[in-house]
Amino acid sequence: MSRYDPAAIEPKWQKIWDEALTFKATRTAGKPKYYVLEMFPYPSGRIHIGHVRNYTMGDVIARYKKQNGFNVLHPMGFDAFGMPAENAAMASGGHPKDWTYSNIDTMVAQMKPLGFGLDWSRMFATCDPDYYGQQQALFLDMLHEGLVYRKNAVVNWDPVDMTVLANEQVENGRGWRSGALVERKELTQWFFKISDFSGELLDALDGLDDWPAKVKLMQANWIGRSRGLQFAFSTVEAPEGFDRIEVYTTRPDTLMGASFVGISPDHPLARHLERENPEVAAFVAECRKGGTTEEAIETAEKLGFDTGITVRHPFDTSWELPVYIANFILMDYGTGAIFGCPGHDQRDHDFCVKYGLPIVETFLPLDGEIDIQAAPFVPAKSEKVRYTRLIAGEEVQTGDEAVNAAVDVCEANGVGQGVTKYRLRDWGLSRQRYWGCPIPVVHCDSCGVVPEKKENLPIQLPDDVSFDVPGNPLDRHPTWRDCACPQCGAPAKRETDTMDTFVDSSWYFARFTAPDADTPTDLAEAEYWMNVDQYIGGIEHAILHLLYSRFFARAMHLTGHLPEKCKEPFNALFTQGMVTHAIYQTRNAEGRPVYHYPEAVTLKDGKGYLEDGTEVEIIPSAKMSKSKNNVVDPVAIIGQYGADTARWFVLSDSPPERDVEWTAAGAEAAHKHLARVYRACAEVAGADVPATQEDEALLREMHKAIHDVTMGVESFGFNAAIARLYAFTNALTKSRAGSAVKRQAALTLAQLMSPMTPHLSEEIWQLLGGEGLIADAPWPKADEAMLVEDTVTLPIQVNGKRRGELTVPKDMPKEEVEKLVLTHEAVERTLNGAAPKKLIVVPGRIVNVVV
RNA sequence: GCGGGCGUGGCGGAACCGGUAGACGCGCCGGAUUCAAAAUCCGGUUUCCGAAAGGAAGUGUGGGUUCGAGCCCCACCGCCCGCACCA
């Protein structure tokens with residue numbers, strides 16, 4: 001009998017699937033489809049065990065759906081534009097394109113041995129001119145539709161590298177690479193009008209029943225809808241043109257408790273004063289310093305500057321409030337100006353205490369005393385309070401009721417109007433970088449900004465660039481910028497900004513339905529394959545990627561590239577956990593940690609030792625990191641145990657939404673189990689035992705396994721499904737059933753395992769003479785009749801504690817069960833002749849005797 | 001601070017709708033096979049008392065609802081994640 005040899009069988013079956021085009025997605029009218037997609041990877045260079053887990057989950061779903069008669073679309077591609085490629089080029093002198101494509105080749109070569117049922121013929125990278133050319137076409141259509149516009153925006157500018165930095169590249173106010181102090185620079189940039197969709201993107205979350213509540217909540221918070229009042233204070237002795245200050249408040253009911261008006265350091269009035277008054281200039285300069293990175297310092301201290309200007313209270317014109325410039329007010333939220341109500345806001349309270357401003361309450365708790373001077377009273381808006389300085393409504397009402405009443409009264413009195421505001425801002429897509437999709441517009445001296453003609457697409461990135469000098473290579477390329485104005489034909493210059501890489505990943509799922517179409521999508525294909533039925537990816541994309549994709553799907557519908565039904569492109573979303581691994585560390589003489597590779601550590605009784613006997617500290621379940629020496633390389637695992645073991649292990653033990661810890665012992669155990677399955681099935685293939693009395697018991701086990709594993713796969717309970725498969729394997733190996741039934745059970749076992757361990761399953765299928773490929777074989781169906789037993793074992797509880805059990809025919813009437821229970825030895829002993837207080841019989845489940 | 005989630009043996013984790021807590025795996029213990037080892041197979045394994053039969057306790061803590069609570073309700077403790085000067 002041969003041994004389980006993954007190194008031989010895995011490549012064999014991969015070749016067979018390839019040649020049979022087993023996983024090629026084909027559109028057939030009348031046959032249902034299923035589109036399963038895992039978030040595509042960035043081509044960083046090597047695949048990670050986390051990728052293996054992510055793609056294995058998708059593959060289980062894909063193979064399972066195929067066996068259930070669906071036309072499955074399960075594609076793979078690469079999110080290939082982005083800064084690491086440029087950074088690599090700067091560091092080692094190569095070209096981002098070479099670096100990227102060579103990484104893609106490596107990663108594809110690492111992924112193929114894992115045996116994923118992918119339609120590789122649809123593969124693309126977002127840096128393929130074919131893909132980004134279509135993205136440019138899409139951009140032009142969105143521009144035409146009014147979904148894209150230009151405006152000035154502030155960026156982080158590194159004056160040494162002459163480049164724009166992302167927020168996360170600014171460390172302590174300095175560029176992460178150059179170390180130069182980062183400047184705030186205003187540039188004209190392109191924006192997508194995602195804010196037009198704020199309300200819709202928020203409301204539509206309700207319809208996403210198969211999305212994690214957590215993700216929906218994160219998106220809702222990000223969009224941040226608030227209802228409030230916008231109105232203007234009239235000013236006293238303000239510079240010309242500033243006779244009104246617009247403010248926005250979500251608490252108009254506290255208007256009678258206002259103590260001051262605060263404006264942002266970036267507010268037009270502050271900017272005006274800055275030019276005239278050096279003290280103001282010094283203050284706002286202080287406020288702007290460092291930006292977001294020094295938020296620790298900023299949170300500690302709330303600073304204000306009294307402008308000397310005052311405003312009149314809208315309901316009492318003799319009441320004047322001072323106007324402060326305050327460092328905690330953001331220009332891009334609301335109107336950049338607020339009124340401060342210290343009685344009911346901690347921040348305003350701190351501010352008023354610091355600057356000696358009056359503190360009055362507008363409402364009090366229904367019962368009990370509070371000292372509003374000592375601390376603000378900030379109850380939930382849904383809570384009822386008693387108003388002492390009432391604008392509108394009942395004296396006793398909830399904050400929500402009071403806000404609505406206050407808005408109505410203010411509107412009736414001509415004091416502003418109720419407005420709905422969103423936190424979500426427009427999506428700035430311009431990046432002053434080389435390795436991205438060029439924005440297809442032309443700057444013409446006479447015509448201004450002109451969209452490029454579609455027939456000129458793709459506007460390709462030039463290859464002859466270098467990264468040895470700072471700045472954007474597109475800017476300094478000798479000829480690339482030169483072009484003819486698409487409108488007047490005169491010599492003009494191309495836009496040198498490229499698109500944010502989030503644009504690339506906002507529509508790739510649609511492109512997979514027709515990767516070779518000469519328009520962004522093919523409507524017939526999109527109509528058939530969309531939506532993505534199951535999307536799988538990391539929680540880190542809960543907000544941006546998924547929100548941008550939802551926006552893009554709408555934009556693509558408006559521009560005629562997707563049918564209406566695709567406005568929400570992902571029917572179901574699953575966010576998977578990470579694969580973690582223990583860190584083994586000791587400390588050097590200075591007390592700094594020293595990290596050891598797992599191979600160097602021997603484990604004994606839960607403790608780890610180095611070769612010389614030194615005990616190491618074990619930090620369990622840590623995120624894998626190269627610098628901590630705890631990375632598990634999938635290629636090494638496949639070499640050691642084979643792909644099926646890796647696939648089996650990453651799904652076992654932990655629920656898929658949670659992190660799973662990779663342990664050598666666990667991987668070893670998974671491998672041993674697969675070898676055991678192979679042995680057991682090979683034994684069955686060679687046996688010839690006539691039918692026995694145990695046949696039926698094994699068949700019942702088989703049908704239960706079919707039922708449970710099916711449920712497990714359907715509900716993403718892969719760990720539970722695997723546990724069930726262990727149990728079924730045990731049942732098979734221990735059973736003394738005849739060979740015919742055992743063969744049937746083994747074939748079923750192979751099928752139930754096939755989404756997780758496809759190679760081993762095909763091998764067993766072939767060994768036992770299964771018909772065709774297991775990948776094509778219909779998923780087994782549980783026979784309901786075999787799931788129900790003729791007899792049931794009822795636990796007998798006395799006062800809720802289990803005291804014994806009783807085996808009775810399944811449909812025995814309640815009365816008879818009761819009689820039997822009362823004669824049960826344990827019950828008789830407890831009752832001791834007395835009658836029970838109560839007797840509860842739940843048919844088929846349990847019996848409880850109350851004494 | 002706000003929002004969300006989680007807490008079950010030595011470990012990862014099961015437990016459908018409120019109905020036998022600890023499935024399955026790891027580890028550990030014992031045994032078989034072997035000259036020996038590896039590999040494999042068999043049995044045991046929540047804790048405490050007991051030789052055993054059996055009994056008692058037990059799902060972070062305290063209370064509640066219920067014939068019955070890991071699951072529902074209230075309060076608290078701990079951990080994790082997300083957001084955050086948002087007017």
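None of the values given here were measured: they were computed from a predicted structure. Letters A, B, ... mirror the listed sequences (proteins, then strands); counts begin at 1.
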Handout entry: Length of the line joining A:Lys837:NZ and B:G68:C1', which is rounded to integer Å
Key = 14 Å

Exercise for the section: Between A:Asp348 and A:Ile846, name the one whose nearest nucleotide on RNA chain B is closer to the 5' end. Expected result: A:Ile846

Practice task
Sticking with atom P, work out how far B:A87 lies from B:G78, rounded to a whole angstrom.
Solution key: 29 Å

Completion exercise
Winner on side-chain proximity to A:Ala669, out of B:G43, B:C26, B:A87, is B:C26

Practice task
Write down the distance between NZ (A:Lys421) and P (B:A87), rounded to a whole number of angstrom.
Solution key: 12 Å

Handout entry: Per-nucleotide protein contact string for nucleotides 5-17 of chain B, where B marks a base within reach and S marks sugar-phosphate only (heavy atoms under 4.0 Å, - for neither)
Key = -------BSS-B-

Problem - Spacing of the C1' atoms in B:A52 and B:G44 (rounded, Å) - result: 16 Å

Problem - N/O (side chain, A:Asn848) to phosphate O (OP1/OP2, B:U20) under 4.0 Å - result: no

Practice task
Check whether the ring centres of A:Phe363 and A:His344 lie less than 6.0 Å apart, and answer yes or no.
Solution key: yes

Completion exercise
With syn defined as a glycosidic angle within 90 degrees of 0 and anti as anything else, the base of B:C17 is syn

Exercise for the section: Report the residues that fulfil side-chain contact (heavy atoms from CB on, under 4.5 Å) with A:Ser195, sequence neighbours left out, ordered by chain and then residue number. Expected result: A:Ser198, A:Asp426

Exercise for the section: Please work out if A:Arg724 contacts a base, only the sugar-phosphate, or nothing of the nucleic acid, heavy-atom cut-off 4.0 Å. Expected result: nothing

Handout entry: Check: A:Phe231 ring centre within less than 6.0 Å of A:Tyr248 ring centre
Key = no

Practice task
Using the C1' atom as the reference point in each nucleotide, state the distance between B:G82 and B:C29 in Å, no decimals.
Solution key: 45 Å

Please tabulate the protein-to-nucleotide N/O contacts below 3.5 Å involving nucleotides 53-60 of chain B, giving atom names and distances.
{"unit_1": "B:A56", "atom_1": "OP2", "unit_2": "A:Arg803", "atom_2": "NH2", "d": "3.4"}

Practice task
Can you tell me the pairing partner of B:C24 across any strand shown, Watson-Crick or G-U wobble, with both distances under 3.5 angstrom?
Solution key: B:G12

Handout entry: Complementary nucleotide for B:G19 - Watson-Crick or wobble, under 3.5 Å
Key = B:C67

Problem - Backbone of A:Met753 reached by a side-chain donor or acceptor of A:Thr757 within 3.5 Å - result: yes

Problem - Rounded distance (Å) that lies between atom C1' of B:G82 and atom CZ of A:Arg423 - result: 12 Å

Problem - Pair partner, B:G3 [Watson-Crick or wobble, under 3.5 Å] - result: B:C81

Problem - Nucleotide forming a Watson-Crick or wobble pair with B:G62, both distances under 3.5 Å - result: B:C74

All N/O donor-acceptor pairs, side-chain side in residues 255-262 of chain A, below 3.5 Å, sequence neighbours left out:
{"unit_1": "A:Ser259", "atom_1": "OG", "unit_2": "A:Pro358", "atom_2": "O", "d": "2.4"}

Handout entry: Atom pair distance, as rounded to whole Å: OH in A:Tyr4 and C1' in B:U40
Key = 17 Å

Practice task
Determine if the base of B:G9 is syn or anti; take syn to mean the glycosidic torsion is within 90° of 0.
Solution key: syn

Practice task
Scan every strand shown for a Watson-Crick or G-U wobble partner of B:A32, both distances under 3.5 Å, and answer none if you come up empty.
Solution key: B:U40

Exercise for the section: Please state the C1' separation for the pair B:C71 and B:U8 - nearest whole angstrom. Expected result: 12 Å

Handout entry: Spacing of the P atoms in B:U61 and B:G70 (rounded, Å)
Key = 12 Å

Handout entry: Listed nucleotide nearest any side-chain atom of A:Arg802, set B:G3, B:C67, B:A21
Key = B:A21

Exercise for the section: Assign A:Ile329 to base, sugar-phosphate, or nothing according to its heavy-atom contacts below 4.0 angstrom with the strands shown. Expected result: base

Completion exercise
Here the salt bridge (charged side-chain N to carboxylate O under 4.0 Å, His left out) pairs for residues 647-661 of chain A, sequence neighbours left out, are A:Asp59-A:Arg647

Handout entry: Nearest-nucleotide comparison on RNA chain B, the residue closer to the 5′ end among A:Thr335 and A:Val850
Key = A:Val850

Problem - Whole-Å gap separating C1' (B:G82) and NE2 (A:His545) - result: 18 Å

Handout entry: Listed nucleotide nearest any side-chain atom of A:Arg676, set B:G25, B:C41, B:C67
Key = B:C41

Exercise for the section: Could you work out the separation of B:A14 and B:C24 based on their C1' atoms and round it to a whole Å? Expected result: 7 Å

Practice task
Answer whether the closest heavy-atom distance between the side chains of A:Ile846 and A:Pro795 falls below 4.5 Å.
Solution key: yes

Exercise for the section: Could you tell me whether A:Leu217 contacts a base, only the sugar-phosphate backbone, or nothing, with contacts defined as non-hydrogen atoms closer than 4.0 Å? Expected result: sugar-phosphate

Exercise for the section: Apply side chain to side chain donor-acceptor pair (under 3.5 Å) to the pair A:Thr793 and A:Thr807, showing each step before the final yes or no. Expected result: CA-CA 4 Å; A:Thr793 301; A:Thr807 302; 3.2 Å; yes

Fill in the blank from the handout: Residue set satisfying ring pair (Phe, Tyr, Trp, His ring centres under 6.0 Å) with A:Phe728, at least two apart, ordered chain then number -> none

Exercise for the section: For the pair A:Gln219 (side chain) and A:Ala542 (backbone), establish whether a donor and an acceptor sit closer than 3.5 Å, ignoring hydrogens and angles. Expected result: yes

Exercise for the section: Pick the P atom in B:G63 and in B:A53, then give their distance to the nearest Å. Expected result: 34 Å

Problem - Whole-Å C1' distance, B:A21 and B:G9 - result: 11 Å

Handout entry: Any side-chain heavy-atom pair of A:Trp662 and A:Val660 under 4.5 Å
Key = no

Exercise for the section: Round to the nearest Å and state the distance from A:Phe649 atom CZ to B:C26 atom P. Expected result: 11 Å

Practice task
Look at the side chain of A:Gln797 and decide which nucleotide, out of B:U40, B:C24, B:A21, has an atom nearest to it.
Solution key: B:A21

Fill in the blank from the handout: Here the distance between atom P of B:G44 and atom CG of A:Asn730, to the nearest Å, is 12 Å

Practice task
Round to the nearest Å and state the distance from A:His541 atom NE2 to B:C83 atom P.
Solution key: 13 Å

Exercise for the section: For the pair A:Phe283 and A:Phe305, name the ring-plane relationship: parallel under 30°, tilted 30 to 60°, perpendicular over 60°. Expected result: tilted

